[in-house]
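Here the structure is laid out as structure tokens; the discussion comes afterwards.
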Amino acid sequence: MPRKTKTEEKQQSIDDLDALRSYGVSAQMIERLRAVGVTSPKHLLLFNAEELMELLNLSELDTARKVITAARELLNDEPKPMSARERVEALSRQRIVKTGVEEFDKLVSGLRFGSSYEFAGEFGAGKTIMSLQVAVTSVAQHQVGAVYIDTEKTIDQYLTTGKLVENLCSRFGINYNEFLERDLIVYNPATVEELEDFIKLKLANQVISGGVGVIVIDSVTALYRAQFRGRERLAERQQRLHYVLDWIRRLTIKFGVLAIYTNQVMTMPTGYVEIKLPVGGNVLAHTVNSRWLMLRPSKAKPEGVMRALDVPGVPPGTEVRYTIADDGLH
């Protein structure tokens, strides 16, 4: 076995929770962290002190603060404000994935890693196909895999019926079997609690360990609408939805993942005209970086349009035409 370089040894040391012992964290605390699913100092950076206190069932907030501070010192992760010019340069280095929908890519230059995108629409509009297509193109262009969180069991039909996924892989030049075995991870949460725990613990570890660069939640509001019923629970539902979106936001900031949300729509009467708008209210409007509405007037025809709802640099109402084929969206 070849010997590890000093750089590799240093990286391994800061990825190991035991490295925190040099910063005052006890061996017992490190074992408690591992027992609840926190496996690296980088993972600790995603928690605030109140969350860590609750997760570890600690009696004092200061104890949780000291653990997080130790991780920050180990990783030299102190907040570093930058000039606007430095921010522009940092954004220019972010990876961008072309979706393969030519008119869409021409308008917005593709999807930027480190950002979040919402594609809302009725059943059959092509939201899941768009999400799968982004997963495939991300492997083809940047060699990063995707975690597909399927709250409605929508993806199953594409994995077991027809050849859409296989055709997508062929279209963008990647190995179909490798994509299924290595590059696409599927998770079906049954409850809101399962979804939140998965994102905070398992998903975060998968991102940190490398290989996962894209997160899809299809659909992001389904479990919350079903399990927080009635107007009297609306505030609780929105708070919990905001919380899970905030965890994905942390992953986009700390690790530069690309987040894709599909969303349901509801019909809103406005005078004599009824319009369709995404559900989720201001929570999604203020959290997602770029929002699109997918409209397919007739399920008997493959044509549809993506309408910009809130897209930086694009006037609201701007439409992009797309066509659904047996190898994805064009």
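Position 1 is the first residue of the sequence, and the numbers go up from there.
Of the possible donor and acceptor atoms, none in the side chain of R307 sits under 3.5 Å from a partner among the backbone N and O of L293. Q133 places no side-chain N or O within 3.5 Å of a backbone atom of L168 that could act as its donor or acceptor partner. Under a 3.5 Å cut-off, the side chain of D310 and the backbone N or O of R291 do not form any donor-acceptor pair. Within the 3.5 Å criterion, the main-chain N or O of T137 finds no donor-acceptor partner in the side chain of H142. Remark: side-chain polar atoms of K200 are not paired, donor with acceptor, to backbone N or O of W247 under 3.5 angstrom. A distance-only check finds no donor-acceptor pair linking the side chain of R95 to the backbone of G114 [under 3.5 Å]. In terms of modelled atom types and a separation under 3.5 Å, the side chain of T69 and the main chain of K66 share no donor-acceptor contact. Listed for the T161 side chain is no donor-acceptor partner under 3.5 Å among the backbone atoms of Y158. Here the side chain of T318 pairs no donor or acceptor atom with the backbone of V314 at under 3.5 angstrom. No side-chain donor-acceptor contact under 3.5 Å links K202 to the backbone of G37.
In this structure, K153 does not pair ionically with D150, as no charged nitrogen and carboxylate oxygen lie closer than 4.0 Å. Using a cutoff of 4.0 Å between basic side-chain nitrogens and carboxylate oxygens, R233 and E236 are scored as salt-bridged. Comment: D77 engages K254 in a salt bridge, judged by a side-chain N to carboxylate O separation of less than 4.0 angstrom. Between D18 and R21, no side-chain nitrogen of the basic residue sits less than 4.0 Å from a carboxylate oxygen of the acidic one, so the salt-bridge criterion is not met.
Side-chain contact check for V144 versus V139: every heavy-atom pair is 4.5 Å or farther apart. Inter-residue side-chain proximity for V257 and V212 is flagged as unmet; no heavy-atom pair is nearer than 4.5 Å. In this structure, S115 and L111 have side chains that are not in contact, with every pair of non-hydrogen atoms separated by 4.5 Å or more. Residues L132 and Y148 have side chains in contact (heavy-atom distance under 4.5 Å, counting atoms from C-beta outward).
Taking hydrophobic clusters as Ile, Leu, Val, Met, Phe, Trp and Tyr residues chained together by side-chain heavy-atom distances below 4.5 Å, L164 shares a cluster with V216. The hydrophobic cluster containing L284 also contains I215, counting ILVMFWY residues as joined when their side-chain heavy atoms lie under 4.5 angstrom apart, directly or transitively. Put simply, I129 and Y117 are part of the same group of oily side chains (I, L, V, M, F, W, Y) that touch within less than 4.5 Å, one to the next. In the hydrophobic clustering of ILVMFWY residues, with side-chain heavy atoms under 4.5 Å counting as a link, I260 and L245 come out apart.
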Could you give me the CA-CA distance, side-chain angles and deciding distance for E51 and R250, then say whether salt bridge (charged side-chain N to carboxylate O under 4.0 Å, His left out) is met? CA-CA 14 Å; E51 290 168 333; R250 300 180 207 188; 2.8 Å; yes
Stepwise side chain to side chain contact (heavy atoms under 4.5 Å, CB included) test for L55 and V38: CA-CA 10 Å; L55 182 67; V38 179; 3.9 Å; yes
Kindly determine whether Q227 and E193 satisfy side-chain hydrogen bond (donor to acceptor under 3.5 Å, both in side chains), including the steps that lead there. CA-CA 10 Å; Q227 296 173 23; E193 286 76 16; over 6 Å; no
If you apply the rule side-chain hydrogen bond (donor to acceptor under 3.5 Å, both in side chains), what do you find for T128 with D218, and how did you get there? CA-CA 7 Å; T128 298; D218 182 8; 2.7 Å; yes
Quick one, R34 with D16, criterion salt bridge (charged side-chain N to carboxylate O under 4.0 Å, His left out). Give me CA distance, side-chain angles, the key distance, then yes/no. CA-CA 11 Å; R34 289 195 174 110; D16 191 340; 3.1 Å; yes
From CA spacing to verdict: salt bridge (charged side-chain N to carboxylate O under 4.0 Å, His left out), K127, E122: CA-CA 9 Å; K127 306 183 298 297; E122 292 183 311; over 6 Å; no
